[in-house]
Amino acid sequence: MISLSISNNVAEVVLSAPYKLNSLDEQALAELSQAYDDAAAAASRGEVRALLLRGEGRAFCAGRDIQNVTPENDDAAAYLGGLVEPLLKKMSAFPAPTFAAAHGACLGVGLGLLLATDVVYVAENAKFGSPFAKLGATLDSGGHWYFTERLGIHRTLDLIYTAELISGTEAVAQGLFSRAMPADSLLESTRAIVAKVATGATEAFSASKELVAHIRDQRLGLWEAMTEENAEQARLCTTDDYAEGFRAFQEKREPQFTGFIGGA
């Protein structure tokens, strides 16, 4: 159901259950968690410098697989708090830039996977929102925080109350994700961008990733954030990539970054 491949410093994680729109049961979540563990281990060895997450078939991920779930026996707290939340935290903390290419339905836990990814490119006709009003349930996987942060209270509750879905084009226009692309070129275009990032200064990218997360979570002001930037820049000055970047700029050539401190 979940596959991981590594080539040219890029880890590609694929949701591979198109017959059920890549919906995720407990086993699939465990497999996805293991894929990220394996990719992180490869990153620690310098073998992975960027990660791409995508789905096979007509959809990225339609959410939780509830085919064999009965309301009387459902333990939503165990599924969400015990499995989904730890996975999303792990994805968010991945030690290199992460990207997702999202098409078709991206709902529930599927939406959560995107929210835990650094950069999300979406098909223009992808579908996002909160269909849970039809189930007597509510938006999960961090969706309330993310929608409120990006869309504001009124638009968030509008989408939740009405269960209306918005397109990838609308989602990007409203500030939810980075870029919208034609569905037939989404994966190719995303792979090209990820491949380029995988040749970049991974340590510097990771520093920015941590800074952005800290600014978000701690609600840092301008000067607090600047102080942390300065400290990170001072640390990066000791890396081989920093020296290589300066030499390349002075010599008017493309840098050859190793991606790790000390050229590891």
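Nothing here was measured: the structure is a model prediction, and the numbers come from that model.
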Determine the interplanar angle of the Y121 and F99 rings, folded into 0 to 90°, and report it as parallel if under 30°, tilted if 30 to 60°, perpendicular if over 60°.
-> tilted
Does [X] use its side chain to pair, donor to acceptor, with the backbone of [Y] at less than 3.5 Å?
X	Y	value
T238	R235	yes
S185	M181	no
T148	H144	yes
R150	G175	yes
T239	L236	yes
R179	V122	no
Y146	L176	yes
T190	L187	no
Q174	A171	no
E170	S167	yes

Atom [atom1] of residue position [X] - does it have more than 12 heavy atoms of other residues, nucleotides or ligands inside 6.0 Å?
X	atom1	value
R155	CZ	yes
N8	CG	no
E254	CD	no
I153	CD1	no
Q250	CD	yes
E47	CD	yes

Check this for me, if you would: do [X] and [Y] make a salt bridge, where the nitrogen-to-carboxylate-oxygen distance has to be below 4.0 angstrom?
X	Y	result
R191	E188	no
R219	E149	yes
R253	E244	yes

Under 4.5 Å between side-chain heavy atoms, counting indirect links through other Ile/Leu/Val/Met/Phe/Trp/Tyr residues: same cluster for [X] and [Y] or not?
X	Y	result
L80	L115	yes
V10	V119	yes
Y19	L29	no
Y79	F132	yes
L107	F177	no

I need the [X] [atom1] to [Y] [atom2] distance, nearest 0.5 Å.
X	Y	atom1	atom2	answer
Y36	M91	OH	CE	3.5 Å
F147	L159	CZ	CG	6.0 Å
T98	L113	OG1	CG	11.0 Å
R54	S16	CZ	OG	7.0 Å
L139	W145	CG	CH2	13.5 Å
F257	D240	CZ	CG	11.5 Å

Taking all non-hydrogen atoms of both residues into account, name the closest pair between [X] and [Y] and its distance.
X	Y	value
I2	L24	CD1-CD2, 4.5 Å
A59	N22	O-ND2, 2.9 Å
A96	D118	O-OD2, 3.8 Å
A101	F60	O-CD1, 3.8 Å
V172	A180	CG2-N, 3.6 Å
A163	P131	CB-CA, 4.1 Å

Verify whether one side chain among D241 and T258 offers a donor that lies under 3.5 Å from an acceptor in the other.
-> yes
Looking only at side chains, do E31 and Q27 share a donor and an acceptor under 3.5 Å apart?
-> yes
Take H103 and R58 through the side chain to side chain contact (heavy atoms under 4.5 Å, CB included) test and state the conclusion after the steps.
-> CA-CA 7 Å; H103 69 290; R58 295 185 294 114; 5.7 Å; no
Would you say [X] and [Y] make side-chain contact, with heavy atoms under 4.5 Å?
X	Y	result
T202	P97	yes
V120	S178	no
E56	V14	yes
E228	L220	yes
E26	R64	yes

Steps toward side-chain hydrogen bond (donor to acceptor under 3.5 Å, both in side chains) verdict (S33, K90) = CA-CA 8 Å; S33 181; K90 179 182 295 186; 2.6 Å; yes
Intermediate values then yes/no, side chain to side chain contact (heavy atoms under 4.5 Å, CB included), V48 and I6 = CA-CA 7 Å; V48 167; I6 297 175; 3.8 Å; yes
Qualifying residue, where the test is side chain to side chain contact (heavy atoms under 4.5 Å, CB included) with E12 and the options are L52, V194, L53, L51 | L52
Residue pair E210, H214: steps toward the side chain to side chain contact (heavy atoms under 4.5 Å, CB included) verdict = CA-CA 6 Å; E210 292 178 8; H214 198 209; over 6 Å; no
